[in-house]
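For reference, the structure is listed below as structure tokens.
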Amino acid sequence: MSNKPQKTESNKGKAAKAQASSKTASNKGKSAQPRLHPTAQEPNFISEGMQRQVSAVSPEKKTKKQSAEDFREFIRSGRLELLIGCVLVAAILLLSLGSILYTPYDINFMDITSRMAPPSAHHLFGTDNMGRDIFSRAVTGGRFTLLVAVLTVLSSTLIGCVLGLFSGYAGGIIDEVIMRVIDAVSSFPGILIALIIVTVLDLGRFTIIIALCIMFVPSFTRIVRTGTLQYKDAVFVRSSKVFGASDLRLLLMHVFPNIFPLLLSSVIIGLSNAILAESGMSYLGLGIQPPTPSWGRMLYEAQSIIFKAPWYAIAPGLMIVFTIVGFNCIGEGIRKKYL
Amino acid sequence: MKYISRKILILIITILFITLLTFLAFHVLPGDPAQLILGTEASPEKVEALREQLGTNQPLLRQYTSWISGFARGDFGTSLKYQKPVAELIAGRLPVTLLLGTMVIVLTLAVGIPLGVFAARKQGTWIEQGVSLLTMLGVSVPGFFLSILFMWIFGLVLHFFAPGRFISWESDPAGCLRFMIWPALAIAVPQTATLVKYIRTSMIDELRSDYVRTARGNGTPENTVMYRHALRNAIVSVVPLIGMMIGEIFSGSIIVEQVFAIPGIGRLLVSSVTSRDFPLTQTLVVYCALIIVITNFLVDIVIQLIDPRIRLTE
Amino acid sequence: MSEQNSSAAAQDDIVRIEHVSNSYYENQLGIFGKRKKNQVLRDVSLTIHRDEFFGLVGESGCGKSTLANCILGMVPFEGTIEVAGMSYGKANRKEFTRHVQAVFQDPLSALDPRRRIGEILREPLDIHGIGTKEEREAKVKEMLETVGLDASYATRFPRELSGGQRQRVCIGASLMLEPELVIADEAISALDVSVGAQILNLFRKIHDEKDFAMLFISHNLNVVYYLCDRIAVLYYGEIMEQGGAKEIYDNPAHPYTRILQAAIPDLKPGKEKKEMAFVEAKNARPWVEGACPFYRRCPRALDECKKAPPLTNIAKEGEPEHLVRCWRHS
Amino acid sequence: MAEPLLSVRRLSIGIRSNKKTYTAVDKVSFDVYPGEILGIVGESGCGKSITAMSLMGLLGSGVSVTGGNAFFEGRDLLSIKGKERLHMNGNRISMIYQEPMTSLNPLMKIGRQIGEPLRLHTDLPEKEIRARAREMLDRVGMRDGDKIFKSYPHQLSGGMRQRVMIAMAAIANPALLIADEPTTALDVTTQAEILELLRKMNRDHGTSIIFISHDLGVVGRICSRVLVMYAGRLVESGPSAAILGDPEHPYTEGLIASIPEVEDRGEDLPSIPGRVPSVTEEHAACPFAPRCGKATALCSKIPASMRNVGPDHFVWCHNVHGGSR
């Protein structure tokens, strides 16, 4: 660190000041002391992982209070949720995607001889009233439900981001108008919108996705808008505006990266809500249309024979619950880790 | 006062907007509703007759104005499927859904708030972790799966109630309640779980705030800190979310009424959709949206009453 | 900034601010509500010479940060503001930023938590497309050295730096485009005393190496007296007193400046300052439209004060101007 | 010297983060005498606020007292719990905080909040409590007290809210008031008024005050005695005139020297190099050693003992010649 020659300055200074500086001056005279020590020599700011434990502390015996505090920190870290979530989702994905390559039985193969057979070695989850293997159908059904959920969430997040970023950043009338529309749309209960769309458009595979997408756009718009409002006036956004950055650059380079962690956790939690909504719609017969299997539809069929073959309902039901718990855990874990 | 009148103005605009949105959804987007209902093979005359009855052959604006004025007068047109005035159909089923809705709300608030406060109080211990695990599960169970489980376990196995046989309030109030408690629970479980999560988080935030520290500095006992200071502020920040949950409860009831075969608005809506009964569906959609919008409006007023920061001084 | 340097420098003004007023509309009830007009700046005029440290001092709410925002073109205003002969316009917005840069108060939120220090420093160059990638890296390294940070900090994230180090990065970033004017809005208010002193020394050291004028905004009169060549005291959006820092310290003319000076706790317990305080809040005079803004709480108010006093120069011939807005001095 | 009102002996506070405990305050001892205003000065992170919080039992989760005691009116403030603590807080010892904007309950009227200590510690009838609360508003110099009595915190300015805090803290007439940087968030002129108010309270009711601040000037103006803290340790203590006029510890000198004054115009400020070590960094025996111009090998090995360098003026430093206590 080259020390540029100090400019000479007059040696006047008050009594306290002179006394103070002569005391702090090392060997050379007052003016020669380098005023601005290069901070490189200072003990640099040790990041979290590297600090050393202070010697003055009593030997490491964990008192009750300390272990309680460690436990609280463990909860706050969210690692537990992330772990559970990943395990569950990995299992479900493995089964569902695996079903493309192999399912123990063809999903429409009807083994009339063993109708409504309880779960056994041959039929892991038993068979339904038409003798079809519940496990194969549940696993294949999972694939379609997940597909619909992922597509829904992706599309609604995209629209939500654009609307949220724009209305949050623009503010004023634009913001007021967009938010009034969003409020109106969200005043329709989710299922209601899906019902309207389904009645109006014919029941193709994509109608359910469009319906669910409209259902989820308001919530994602609100999340992105709140994030934008929070960061729009942040000092670092104002300082890069002073650098001459255009509004677009501010939004994409500064505002969005800071909203992303929160958005990611809401997207994942959104996935579980999408699965909930889709299976609800399929239950009503308005979602994925037979013959393609879906968890909701299987539950509808299982309802009539619940007494004789309860496993027909429990299998898809538990699959839904595990998937949703998995996604919610991951979402919660991310939220805790980043916020 | 100005604040409330402004809010009413926005409410009316939102209602008009909803009716417009619904009208557009039903009349403009698809091809020809009559064609859709009768299917492709129907003879042109029949389609024309139906179009006449539906009034879809008149210019759009007139259709809309006649529909709105009818709506205001309470004449919602006649249902195609039941050949009965829509108003009559709704009048019969609205009380059932409202009863179910109120039961759900009472259950959710009665269980949710104390549990949320309890979890916040036991912060950082196993109990809190247990509660959050429970709420995680509660949020993840779909309403209709829960209903089917309830029907199977409490209905068929334990015979607490007879699944599928709805007992109306007039005939036997006690029996009706005994029957309705199960669908109400099926809707309430996910909602309670969400409420517990909201209350717990906002309670923990309030307990970490400066004014709670001031209260403790004044020597306020922990209970008073918890209920007189932290809880009141937590409720104020949670009330808007409760408003949003009303919408969720309503959509939950649409499916659960289907499972328990409860003759409510939800079930009527589903059957009208599947049978493409246009006038009935259209009115029901607007009706449901109105209920949600009005409840949100009431929630806004409640917020304005209990939170002085929002109440505008003269 | 030793005395003889400023007078020798060419006297051309780098910043000319003339009759700047600004107000914002507080609409209480959303789009339908009535709009209450709040006047912030009232006909402010001042000039900053090339290479000069100009201090703007006043309490919170007096409009000093608003003036900074007006200069940066972030807030609409009436009147004209010219920096290096250029006035802010939508067309030359990007060009304008090459002449004016700013350092803000809170080092914690002034740096994007998701970006490394090197990227933050390089951003101005990226935006204006200055130099090749290698040249930009070299400039970043050189700027880190200038502000007294080791080159290795370029790969660090803001959260790994202390308050003082972060403020050094902000100062570095504001100088990347070599602007003619740097606005420091309460740059050391959020820092500890010892760290603040380091930053003040940094300002002086950089000012020797590069030539730029600085508008130093602060609520602390002592810091402004120490650092700045000329100062202006702002109260309720109007300039009460303006002139050389030394002259104003030696004989503060406006009552408000004297109150500010007396209110600052001084280190020497012995030295009793002329006690001077506001009129008690209880018996402040009622608000008179068009009066001197300080009329309500001025301990030496006269009847004429009900009319707005002119800004008069009380300096003797040949001495640098010393403007005061008070009837006692016109 | 009369019997001290509060005597703190070897107070140590530890902060727990990811499975390790760090020492935030290391064996601090000081006394507070009745009717005295004691200043505690230090830069951010030196442990002055945590020290105050530990006396009131307001330490957050993860922060706990790891040693020492604080005798006040026959009890140890660091170990009393439950009923005893509730009786003490707000009644015998009370506190005002740095952020007036958030320290009042947003949903409660001002009048009601000021009366809280009386409601908790006395069985006066509600009417009497309201009257006393209303009277307190006048004593803290509030204009149109009736209007403020009925208004909510968000309707008041920062200065007014701080006055409300003082009214609340003083209404039960405590023996000791702890002020944690009460004027840092306020304007210079409002700050002067609040300091005057605290001085008047100390004069009229003999309430001893512990005044915590990072601003040496403010402390010098209002406090009779001053403690200087650095990285969790006491480095110097003594009458404010001695500390400000003739500082002995290198850190105190450096702190005073780095305050900009008109006399320093045209020269660089003699600033202390480097930065305050964070709690998680390992401390040398004397934490200031790495930044101290006069540090010797001794300083980083053996903690400095207390040296008496003048009437009631003590310094913890090896390089200061004075009678060791």
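Chain identifiers are assigned alphabetically (A, B, ...) following the order of the sequence lines, protein sequences preceding nucleic acid strands; residue numbering begins at 1 within each chain. Worth knowing before you read on, the calculation uses all heavy atoms, side chains too, and leaves out hydrogens, waters and symmetry mates.
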With chain A, which of C:R93, C:Q105, C:E95, C:K94 has the greatest number of heavy-atom pairs at distances under 4.5 Å? C:R93
When the 4.5 angstrom heavy-atom criterion is applied to C:L72 and chain A, the contacting part is side chain
Kindly give the heavy-atom pair with the smallest separation between C:A110 and A:F236, and that separation in Å. O-CB, 3.4 Å
If you count every heavy atom of other residues, nucleotides or ligands that lies below 6.0 Å from A:R79 atom CZ, does the total exceed 12? no
So which of C:P113, C:P124, C:A102 has the largest heavy-atom pair count under 4.5 angstrom toward chain A? C:P124
Under a 4.5 Å cut-off applied to non-hydrogen side-chain atoms, are C:E123 and A:R249 in contact? yes
Please state whether the side chain, the backbone, both or neither of A:R238 comes within less than 4.5 Å of a heavy atom of chain C. both
Whether C:R114 side chain and A:V255 backbone form a donor-acceptor pair below 3.5 Å: no
Given that the side chain runs from C-beta out, which part of C:M74 has a heavy atom under 4.5 Å from chain A: side chain, backbone, both or neither? side chain
Closest approach of A:H254 and C:D112, non-hydrogen atoms and distance? ND1-OD2, 2.9 Å
Is C:V100 in contact with chain A via its backbone, its side chain, both, or neither, using a 4.5 Å heavy-atom distance? backbone
Identify which part of C:R115 has an atom lying under 4.5 Å from any heavy atom of chain A, answering side chain, backbone, both or neither. side chain
Looking at OG of A:S240 and CG of C:L111, how far apart are the two atoms once the value is rounded to the nearest 0.5 Å? 11.0 Å
Does atom CZ (C:F157) have a neighbourhood of more than 12 heavy atoms from anything else shown, all under 6.0 Å? yes
Return the minimal non-hydrogen interatomic distance between C:T97 and A:K241, and the atom names on each side. CG2-O, 4.2 Å
Which atoms of C:N69 approach chain A - backbone, side chain, both or neither, heavy atom under 4.5 Å: side chain
For A:K336, I'd like to know if atom NZ has over 12 heavy atoms of other residues, nucleotides or ligands within 6.0 Å. yes
Which region of C:A173, side chain (C-beta onward) or backbone (N, CA, C, O), has a non-hydrogen atom less than 4.5 Å from a non-hydrogen atom of chain A, or is it both or neither? both
Taking all heavy atoms of A:F243 and all of C:I127, pick out the closest pair and write down the distance. CB-CD1, 3.7 Å
